[in-house]
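Quick notes on the structure that follows.
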Amino acid sequence: MPLALLALAVGAFGLGTTEFVMMGLLPDVADDLHISIPTAGHLVSAYALGVVIGAPLLAALTARMPRRTVLISLMGLFVAGNALSALAPGYDSLLAARFLSGLPHGAFFGVGAVVATGLVAPERKARSVSLMFMGLTVANIAGVPVATLMGQHLGWRATFLGVSLIGVAAMAAVYFLIHPTHTPAPATGLRGELTALRSLPVWLALATTVVGFGALFSAYSYITPMLTHSAGYAEDSVTLLLALFGVGATIGNLVGGRLADHAMRGTLFGGLASMVAVLLLFPLLMRAEWSAALAVVLLGIAAFITGSPLQLMVMERAAAGPSLASSANQAAFNLANAGGAWIGGVALAAGFGVTSPALAGAALAVLGLGVASVAFAVDRRQAVPSVGRERVIASHVPEAAEPAHSS
C-alpha cells in the first residue's frame with residue numbers, strides 16, 4: 001500500500017476527532033458560555049448539518065480542480081473552522097464555526113476515497129478505502145479521549161486549537177506524500193458528476209448507507225444509558241468503553257476492506273446480517289458488565305465491516321463521475337446518524353426499555369439487507385459490473401488465451 005494513503009488517514013483522524021469530541025466537551029462548553037447542555041447539543045447538530053450540505057456542494061464546486069489541490073483546500077477550510085471555534089467569543093459564533101468545520105468533512109472523505117482507489121491496483125481498492133477510514137476509527141480510540149482530556153484540563157478552546165494543528169499536519173502530508181500526477185483534474189467535470197448521480201443504482205447504494213448505518217446510530221446514540229442503567233457501569237467508565245467501540249470499529253474496518261476486495265456483495269450482506277445478530281443480542285448482553293463491554297466491541301466490528309464496501313459500491317455505480325457520489329455517501333452517513341438517533345429515541349420514549357433502541361436498530365439492519373438486495377437485483381438487470389465480477393472475468397481471460405498443452 002502506498003505511503004500516500006497515510007496522508008488521507010491523517011486528515012480522516014482530524015475530521016473524526018473534531019466530529020465526536022464535542023459530545024465529551026458539552027458540559028465544559030455549556031458552563032463557559034452560560035448555556036444549557038441541550039442548547040450546547042445544537043453544536044453537534046451544526047457540524048452534522050455542515051457535513052450534509054458541504055459534501056455534495058463542495059464536491060460539485062471543485063469538480064474541475066486537481067484532486068490534490070481539492071484535498072489541501074478542504075483541510076485548509078477545516079483548519080479555519082476549528083481555529084474560529086477556539087476563538088469564538090460566544091455561542092452564536094461557535095455555532096457558525098462548527099457549521100463551517102463540518103463543511104469539508106464529507107467532501108474530503110468522498111474525494112479522498114476516489115484518490116485512494118486510484119493509487120492501488122483494482123483488487124486492492126476496498127483495502128485502500130479502509131486504510132483511509134482507519135484514521136476515523138483510530139480517532140475514536142485515541143483522538144477523542146485525548147482531546148476530551150485536553151479540554152477538561154486546559155479548556156475546550158485548547159482542544160480546537162489542537163485539532164487545527166492536526167489539520168495543518170494533514171495539509172503538509174497531502175502536499176508531500178501525494179504526487180500531483182496521481183490526482184489530475186477529472187475529465188468529466190460537473191456535468192459528468194451530476195449525470196452519474198442520476199443513476200438508480202447510485203441512489204439505491206446511498207439508501208443502503210442511510211438505512212444500514214442508521215441501525216448503528218439507533219443503538220450507539222443511547223449506548224451510555226444502556227451501559228449505566230442496564231449493565232451497571234459508573235458514568236466515568238463510559239469513556240473507556242467508547243474507546244473499545246473504536247477498537248471494534250478499527251478491526252471491522254480493516255477486515256471489511258480486505259474481505260470486500262474478494263467479495264464485495266458477500267461482505268456487505270455479512271456485515272449487515274452480523275449487525276442484526278449483535279443488536280438482537282443487546283438486551284441480553286447488557287445484563288452484565290463483561291458482556292456489555294463485549295457488545296460494544298462487537299457492535300463496532302459489525303458496523304464498520306460494511307463501511308468500505310458501501311463506499312466502494314457507491315463509487316462503482318457512479319464510475320463516470322465518482323467524486324460527487326462518493327461525497328454524497330458521507331452526507332448519507334450523517335443522515336443515518338440523525339435518523340437512527342431519532343428512531344432509537346422514539347423507541348426509548350415509547351417506554352420499551354433502555355435497550356429498545358438496539359432492537360429498533362436491528363429492524364433497520366434488516367431493512368438495510370432488503371435495500372441492498374434490491375440494489376444488487378437492479379445491478380443484475382442493468383448489467384452493472386462489480387469489482388468481484390471484473391476480477392473473475394480478468395482471471396479467466398489469460399487462461400482462455402493460452403494454447404492447450406498436451407501431456
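Quick note: residue numbers are just sequence positions, from 1.
Sequence neighbours left out, the pairs with a member in residues 138-164 that pass side-chain hydrogen bond (donor to acceptor under 3.5 Å, both in side chains) are D32-W156. Residue pairs meeting the side-chain hydrogen bond (donor to acceptor under 3.5 Å, both in side chains) criterion with at least one partner in residues 93-122, sequence neighbours excluded, are T18-R98, Y47-H105. Contacts classified as ring-ring contact (aromatic ring centres under 6.0 Å, His included) and involving residues 63-99 (residues at least two apart or in different chains) are not found. Contacts classified as side-chain hydrogen bond (donor to acceptor under 3.5 Å, both in side chains) and involving residues 284-302 (residues at least two apart or in different chains) are not found. For residues 215-234, the set of pairs meeting the side-chain hydrogen bond (donor to acceptor under 3.5 Å, both in side chains) definition, not counting sequence neighbours, is empty.
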Could you go step by step and tell me if E316 and M264 meet the side chain to side chain contact (heavy atoms under 4.5 Å, CB included) rule?
-> CA-CA 11 Å; E316 280 187 353; M264 186 176 69; 3.4 Å; yes
Derivation and outcome, side chain to side chain contact (heavy atoms under 4.5 Å, CB included), residues W342 and V346 | CA-CA 6 Å; W342 177 76; V346 169; 3.8 Å; yes
Go through L272 and V276 one step at a time and tell me if the side chain to side chain contact (heavy atoms under 4.5 Å, CB included) criterion holds.
-> CA-CA 6 Å; L272 289 170; V276 174; 5.8 Å; no
Taking it one step at a time, do M22 and F160 satisfy side chain to side chain contact (heavy atoms under 4.5 Å, CB included)?
-> CA-CA 10 Å; M22 180 55 75; F160 290 114; 3.4 Å; yes
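For the pair A55 and S327, the tightest heavy-atom approach, listed with the atom from each and the gap, is CB-O, 3.2 Å. Nearest heavy atoms, S199 versus R317: OG-O, 4.1 Å. In this structure, V378 and P201 approach most closely via the heavy-atom pair CG1-CG, 4.1 Å. Heavy atoms only, all atoms of each residue included: L279 and A358 are closest at CB-O, 3.4 Å. What you find for A170 and M75 is that their closest heavy atoms are CB-CE, 3.8 Å. For the pair F108 and L8, the tightest heavy-atom approach, listed with the atom from each and the gap, is CE2-O, 3.8 Å.
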Pairs under 3.5 angstrom only: tabulate donor-acceptor contacts from the side chains of residues 205-214 to other protein residues two or more places apart or in another chain.
from	atom 1	to	atom 2	distance (Å)
T208	OG1	L204	O	2.8
T209	OG1	A205	O	3.4
T209	OG1	N329	OD1	2.7

Return a table of donor-acceptor pairs under 3.5 angstrom between the side chains of residues 245-259 and protein atoms on other chains or two or more places apart.
from	atom 1	to	atom 2	distance (Å)
T250	OG1	T137	OG1	3.0
T250	OG1	G246	O	2.9
N253	ND2	S130	O	2.6

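In this structure the side chain of L58 reaches within 4.5 angstrom of the side chain of L77, judged on heavy atoms. Looking at heavy atoms from C-beta onward, M226 lies in side-chain contact with P357 at the 4.5 angstrom threshold. Looking at F333 and F217, their side chains come closer than 4.5 Å, going by heavy atoms from C-beta outward. For the pair F20/L136, a side-chain contact is recorded, criterion being any heavy-atom separation below 4.5 Å from C-beta on. Two residues are said to be in side-chain contact when any heavy atoms from C-beta on lie closer than 4.5 Å; L119 and S128 fail this criterion.
In terms of the side chain to side chain donor-acceptor pair (under 3.5 Å) criterion, residue partners of S326 (sequence neighbours excluded) are, by chain and number, Q311. For the side chain to side chain donor-acceptor pair (under 3.5 Å) test, no residue two or more places apart in sequence or in another chain qualifies with S274. Shown here are the side chain to side chain donor-acceptor pair (under 3.5 Å) partners of D31, two or more places apart in sequence or in another chain: there are none. Evaluation of the side chain to side chain donor-acceptor pair (under 3.5 Å) rule for T355 yields no partner, not counting sequence neighbours. When the ring pair (Phe, Tyr, Trp, His ring centres under 6.0 Å) test is applied to F133, the partners found at least two apart in sequence or on another chain are F109.
Atom CG in L299 sits 7.0 Å away from atom CE in M275 (nearest 0.5 Å). Rounding to the nearest 0.5 Å gives a distance of 11.5 Å between CG of L359 and CG of L364. Here I178 contributes atom CD1 and T69 contributes atom OG1; the two are 11.0 Å apart, rounded to the nearest 0.5 Å. Annotation: the span from L94 atom CG to L87 atom CG amounts to 11.0 Å, rounded to 0.5 Å. In this structure, Q330 CD and L335 CG are separated by 11.5 Å, a value rounded to the nearest 0.5 Å. Atoms CE and CE, on M134 and M132 in that order, are 11.5 Å from each other to the nearest 0.5 Å.
Proximity of a side-chain donor or acceptor of T17 to a complementary backbone N or O of F13 within less than 3.5 Å is detected. Judged by distance alone, with hydrogens and angles left aside, the side-chain atoms of T62 form no donor-acceptor pair with the main-chain N or O of M65 at under 3.5 Å.
The residues R265 and D379 are annotated as not salt-bridged, no charged nitrogen and carboxylate oxygen being separated by less than 4.0 angstrom.
Atom CZ of F269 has more than 12 neighbouring heavy atoms from other residues, nucleotides or ligands inside a 6.0 Å radius.
Considering L5, L71, V174 as possible partners of V115, the one that fulfils the side-chain contact (heavy atoms from CB on, under 4.5 Å) test is L71.
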